[in-house]
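Keep in mind the model is a prediction, meaning the values are calculated, not measured. Just so you know, these numbers use all the heavy atoms, side chains as well, and skip hydrogens, waters and symmetry mates. Numbered from 1 within each chain, the chains take letters A, B, ... in sequence-line order.
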Amino acid sequence: MRDEIRQVSLSPLSRRGFLTTLGAAGAAAGFPAIARGQAREVKVGYILPVTGPLAFEAQLALNGIVLAVEEINAAGGIKALGGAKLALLPGDTQNKVELGKSEAQRLIDQGVVALIGPFSSLVAFSVRQDTEKARTPFLLLAAVADNLTEGGLRYTFRMQPNGKAMATLTVNNMFEIAKAANVPIKRVAMMHEDGNFGTTMGNHVEAFAKTVGYELVQRVPYSLRSPDFTSELAKIKAARPDLLVISGYYGDSKLIAETSAKLRIGVHALVGLANAAYSNPRFIGENRELTEHLFDGNYWHNPQSARAKAVFEAYQKRFSSPMANHGVQGYQVTFVLKDALERAASTDRDKVRDAIAKTNLTDHILTQDAIRFDDTGENVNASPALLQVQNGRPTVVGPARFAESKPVFPVPKWKG
Amino acid sequence: MGEKALAGLAVAALVAAPPFLPKYPLEILISVLFFAYLGLAWNILGGYAGQFSFGHAAFFGIGAYTSTLLFLRAGLSPWLGMLAGGVLAAGFGLFEGYLSFRYGLRGPYFSLVTLAFAEMLRVVAVNLKVVGASIGLVIPTSAAAPALFVFAHKLPYYYVILALTAGALLLTRVLARTRLGYALVAVRENEDAAEAAGVNALGAKLSAMALSAFLTALGGTFYAQYFAYIDPTITFGPGISIQGLLPAIVGGAGTVLGPLLGAFVLTPVSELTRALLRGRAGADIMLYGLVLMLVISFLPQGLIGWLRTRRMRAG
Amino acid sequence: MNGGLLLQALVSGLLLGGVYGLVASGLTLIFGVLRIINFAHGAVMMLGMYASYWLWVGIGLDPYASVLLTAPAFFVLGVAIERLVIEPNRDAAEHNQLLLTLGLALFLENLALVLWQGDFRTLRVPYANASFVIGEALVEVSRLVAAGGAVAIAFALYGMLRYTDLGKAIRALSEEREGAMLVGIDVRRIRGVAFGIGSACVAAAGALITPFFYIAPDVGESFNIMAFVVVVLGGMGNFLGALVGGLIVGLAESLGAAFLPGSLKQLVVFVIFVLVLLFRPEGLFGRPRG
């Protein structure tokens with residue numbers, strides 16, 4: 001399955017950066033071949049960790065972008081620019097700050113109208129300075145650190161929920177579910193990886209406690225590399241929490257879930273917070289019993305939207321795997337750019353930037369109201385979905401108006 | 001004679017060409033000089049004194065965090081904070097060095113201890129909220145302020161790192177001809193014999209450690225101001241330790257120009273392998289590891305050593 | 001002080017320590033005979049894990065049984081690595097030898113990345129979830145088996161060292177290199193064999209870990225530094241020392257996780273490491289250098 005993804009998606013070809021596989025891939029998928037030089041082209045750049053440790057996740061995001069670009073071009077490109085097609089220019093950061101910076105610069109020099117990326121918040125911190133100086137719109141993808149939009153930057157935009165929105169809205173969604181089930185949640189424990197991502201989430205869950213009215217009885221940061229979490233989880237179990245929230249990456253989240261089950265950790269539910277594993281189709285596929293009824297607050301497509309369902313199916317058909325969170329982001333952020341380009345009717349970066357700032361997009365596939373940006377570039381209505389694995393499939397169970405099924409709560413297996 | 005002209009031309013190019021370069025090659029050049037500089041700093045302890053540190057990230061991180069915290073919390077200009085960071089790093093280097101050398105740690109044991117110290121600092125930084133923990137520290141660079149080491153364009157940063165590199169080169173050259181320099185070489189070749197001959201090995205090694213630490217810390221501040229963001233993994237992690245010493249090894253440890261040459265060779269090599277092997281995750285680093293093994297095996301004195309041998313053979 | 005928590009920390013610590021001792025056993029042999037810090041040790045273990053994984057996926061061979069195949073195969077691989085990479089640089093400066101193994105580690109890790117991509121794989125044996133409790137403390141059977149494997153390998157190596165001719169040759173070479181050569185011991189062969197045995201041990205360690213730990217190209221890194229600490233703690237070349245050292249490190253880490261705030265458990269291990277390096281570099285069981 002994974003090899004198919006590699007074949008049909010765009011592979012960054014040469015240093016010249018121009019992708020001819022867009023046409024080939026389009027032909028392979030049955031879309032009309034794209035004739036080069038027919039209409040103007042609008043260059044869009046992406047910088048993602050396409051090779052290296054995050055390659056798998058980055059590929060998912062890239063798939064989403066590719067799907068969007070193909071759809072846009074097949075439907076006639078950017079109409080306000082005379083049918084100009086989008087041309088995708090690749091950049092590989094290998095998840096390294098210096099490479100991210102130089103790749104971004106290279107793409108800016110090549111005249112991209114906007115930059116999408118870079119996945120890692122660390123890379124984003126450095127790149128956003130350069131995009132600001134070059135007055136190139138920078139559409140953040142996956143980077144969750146809150147202060148990325150701080151500092152009066154005008155060219156950085158974030159469509160997905162930032163750390164604060166992710167954490168607080170997920171907690172809210174869980175509390176809604178608990179209230180509906182008449183199960184009070186007074187004690188919450190959190191375990192998170194000790195890097196930027198996990199610590200951001202941990203800080204918010206801790207800060208939010210007073211507002212919502214729970215006690216954070218244990219907050220346990222852990223090192224990703226650790227081969228064993230039994231002691232940490234025993235510590236958490238001893239604090240008798242009602243809920244265990246976990247922000248982690250794949251391997252560690254898996255180990256935590258397994259150990260929690262064996263220890264009979266005693267919570268009502270295990271809740272992932274932007275967790276890399278708990279709504280990951282692969283993880284679920286390989287661990288059916290363990291993952292059933294796991295919750296995860298994450299970006300997702302809106303199951304109530306006909307368009308989202310169509311896109312989901314198109315993705316499945318094109319890439320032979322379900323569209324998960326990163327794919328949704330990649331797809332939607334490309335359409336945000338397309339919408340801005342239509343309104344700007346220009347490839348002038350400043351005009352595009354202004355158009356993005358005025359975005360008010362309701363035709364989208366996310367679990368939120370209209371996409372609008374505030375003056376710092378954050379999506380004001382950003383809202384993660386609350387998912388629960390039901391029958392081996394991540395199912396949207398919150399917020400209520402997007403839900404496609406009722407949640408199972410409490411989840412008895414954690415008590416053994 | 002032709003060699004001097006070539007060198008002169010290279011220097012002239014490095015000074016005069018950059019204003020005409022597009023941003024991307026300039027970016028690469030800054031990167032090359034940055035690692036050349038770190039290599040030069042490491043070289044004083046590793047190449048000249050022969051004490052192979054695997055934990056120079058400790059000094060790098062101290063430099064980066066000191067200047068950044070002083071800047072963010074006390075408004076002190078990073079130009080001054082840089083010096084403060086250097087002094088603190090030198091102090092830590094003396095502490096680390098004294099413990100290690102006093103207890104007779106040599107060779108691989110010394111390397112392991114330096115690695116351990118860097119890792120300890122990293123773990124502490126990750127868990128210390130007051131330095132930002134894993135959230136890291138953002139350096140405000142949106143408003144240009146040269147007095148505060150913040151520039152609007154890349155070019156001034158280039159000249160800063162060029163100046164630092166030139167300074168380090170000069171320092172190494174001068175050092176090599178002082179008593180301390182000779183003492184270091186003597187200690188490196190045979191510490192016991194050097195001691196017997198009256199060299200204060202401990203003093204020499206500690207001096208080298210302090211100097212190397214000071215210089216490395218300045219590099220940390222440069223990184224913070226240029227990349228605008230630091231966190232424990234970037235600054236105290238093993239990555240920067242390894243990347244800092246590789247140019248010296250490949251170019252020739254214990255020589256003046258070695259780290260510079262090494263950086264100029266390594267960066268294009270890694271860029272080229274990345275360009276050639278795009279789309280295959282890790283193939284470039286695989287090649288990198290192979291190159292490293294080959295260089296160690298066949299050019300143990302580094303490129304400079306190899307060039308010298310060739311020249312000697314040519315007569 | 002929560003008694004249940006303490007008990008769990010102790011139990012987990014011993015089990016974890018067994019795993020560390022297991023990984024370190026091969027390394028201490030290599031350390032003792034070849035005197036090099038083998039940075040590629042974790043990478044070889046990772047390859048051993050992949051070998052067991054592919055055997056499981058391909059022919060359904062249980063990972064514990066796969067040791068019978070992978071150990072000999074990795075013995076050969078180890079000898080080959082020693083001959084091709086290490087031996088030619090035998091007289092190189094120590095730090096160059098360090099860098100050599102570092103380059104090898106980078107090469108092997110990224111070879112795995114190229115061949116099998118970076119996504120995590122799991123070896124799901126039917127008994128993966130087997131566990132029981134001692135009081136309130138959870139004991140996972142797969143980890144217990146790994147710890148048991150550590151003990152078995154440690155004793156096997158010790159027995160080899162004490163009672164076989166090969167073992168005597170190894171001991172001679174470790175303690176007195178010139179003397180060993182004078183007596184006619186084929187130093188080159190012994191070095192190759194030692195690296196081979198070390199690699200076989202760590203591949204076996206990898207196999208024993210697969211039932212409870214994920215498989216990915218960077219998996220070795222989690223264990224590499226711990227293995228160094230254990231080897232230094234236990235004494236270079238001392239197999240029982242590696243076992244005891246592993247237990248100490250495992251306990252320190254586990255108790256640190258239970259009772260220290262944040263992720264400071266890592267600090268405990270490094271502090272121990274530095275203290276040992278400074279005050280007793282020959283390790284707890286090594287002989288002080290003259």
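By the neighbour-count criterion of 12 heavy atoms within 6.0 Å, atom NZ of A:Lys133 is densely surrounded, having more than that number from other residues, nucleotides or ligands.
There is no contact between B:Ala143 and chain A, counting heavy-atom distances below 4.5 Å. No part of A:Glu150 comes within reach of chain B, as not one of its non-hydrogen atoms sits under 4.5 angstrom from that chain. With a 4.5 Å cut-off on non-hydrogen atoms, B:Phe34 does not touch chain A at all. The parts of B:Thr141 that come within reach of chain A are both its backbone and its side chain, each placing non-hydrogen atoms under 4.5 angstrom from that chain.
Inter-residue side-chain proximity for B:Lys129 and A:Asn203 is flagged as met; some heavy-atom pair is nearer than 4.5 Å. Contact annotation: the side chain of B:Phe227 approaches that of A:Ser126 to within less than 4.5 Å [non-hydrogen atoms, C-beta and beyond]. Counting only heavy atoms from C-beta outward, the side chains of B:Val138 and A:Arg128 approach each other to under 4.5 Å.
Taking CG from A:Leu122 and OG from B:Ser134, the interatomic distance works out to 9.0 Å, rounded to the nearest 0.5 Å. The OH atom of B:Tyr24 lies 9.0 Å from the CD atom of A:Gln110; values are rounded to the nearest 0.5 Å. In this structure, NZ on B:Lys23 lies 8.5 Å from CG on A:Asp130, to the nearest 0.5 angstrom. The distance from atom OH of B:Tyr229 to atom CG of A:Asn147, rounded to the nearest 0.5 Å, is 7.5 Å. Remark: B:Ile234 CD1 to A:Glu98 CD distance equals 8.5 Å, nearest 0.5 Å.
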**Verdict with supporting geometry, A:Gln105 and B:Leu26, side chain to side chain contact (heavy atoms under 4.5 Å, CB included)** = CA-CA 10 Å; A:Gln105 190 59 60; B:Leu26 184 60; over 6 Å; no
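No donor-acceptor pair closer than 3.5 Å links the side chain of A:Thr199 to the backbone N or O of B:Ile135.
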